[in-house]
Amino acid sequence: MARKLKYPTGPVVSIAIDGHGVAWCDKIFTNSPGGKHLGDMARKAARTGLTYRFRRCEVTAGADTPLEALAAMAAFAPGRVEFRKVPLEVLQYLAAGASHV
């Protein structure tokens with residue numbers, strides 16, 4: 001049985017790059033243990049506003065929304081990203097192919 005949350009949180013986005021995890025929740029990026037500074041790279045991508053191209057759309061990296069956070073975390077490892085936990089709305093948006101720049 002899962003523990004009850006002490007504090008309510010927003011949506012969580014979690015990905016893996018070459019087996020190392022990085023996650024985002026409430027505008028904060030975190031590494032998994034041994035995460036190879038992926039959180040630091042995601043923060044840098046969000047701060048600089050890099051544009052990441054998914055298969056059908058381009059998304060500007062940021063830390064404000066789950067979609068922008070996903071782009072920030074994936075920006076430094078194109079083609080090697082494994083989605084672990086991504087909100088359904090984000091997946092539907094990416095499947096639709098609209099751009100968010």
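What you see below is based on every heavy atom in this structure, not just the backbone, and it leaves out hydrogens, waters and symmetry mates.
Atom CG of residue Asp18 and atom CD of residue Glu82 lie 10.0 Å apart, to the nearest 0.5 angstrom. In this structure, CH2 in Trp24 is found 11.5 Å from OG1 in Thr30, a value given to the nearest 0.5 Å. Note that CE of Met41 and CD1 of Ile17 are 6.5 Å apart. Values are rounded to the nearest 0.5 Å. Of the inter-residue distances, the one linking Leu94 atom CG with Glu89 atom CD reads 11.5 Å to the nearest 0.5 angstrom. For the atom pair Arg84 CZ and Ser14 OG, the distance stands at 6.0 Å (nearest 0.5 Å). The CE atom of Met73 sits 12.0 Å away from the CD atom of Glu68 when rounded to the nearest 0.5 Å.
In plain terms, the two heavy atoms of Ala61 and Ala45 that are nearest each other are CB-O, 3.6 Å. Looking at every heavy atom in both residues, Val12 comes nearest to Cys25 through CG2-SG, 3.9 Å. Across Ala72 and Gly62, no two heavy atoms sit closer than the pair CB-O, 3.9 Å.
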Begin with the C-alpha distance, continue with both residues' side-chain angles, and end with the deciding distance and a verdict on side-chain contact (heavy atoms from CB on, under 4.5 Å) for Asp64 and Lys27. CA-CA 6 Å; Asp64 295 327; Lys27 301 183 182 182; 3.6 Å; yes
Tell me, with the steps shown, if Leu70 and Ile15 meet side-chain contact (heavy atoms from CB on, under 4.5 Å). CA-CA 8 Å; Leu70 182 61; Ile15 66 169; 3.6 Å; yes
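Hydrophobic clustering of Ile, Leu, Val, Met, Phe, Trp and Tyr side chains at less than 4.5 Å, counting indirect connections, unites Leu91 with Tyr52. Criterion: ILVMFWY side-chain heavy atoms under 4.5 Å apart, direct or through other members. Under it, Leu50 and Val22 are part of a common hydrophobic cluster.
Between the Asp26 side chain and the Gly10 main chain, a donor and an acceptor come within less than 3.5 Å of each other. Using a distance-only test at 3.5 Å, with no hydrogens or angles considered, a donor-acceptor pair links the side chain of Arg43 to the main chain of Phe29. Proximity of a side-chain donor or acceptor of Arg56 to a complementary backbone N or O of Ala95 within less than 3.5 Å is detected.
Note on ring orientation: taking the six-membered ring where Trp is involved, the planes of Phe54 and Phe83 are perpendicular (angle over 60°, cut-offs 30° and 60°).
Counting heavy atoms from C-beta on, the side chains of Asn31 and Pro33 never come closer than 4.5 Å.
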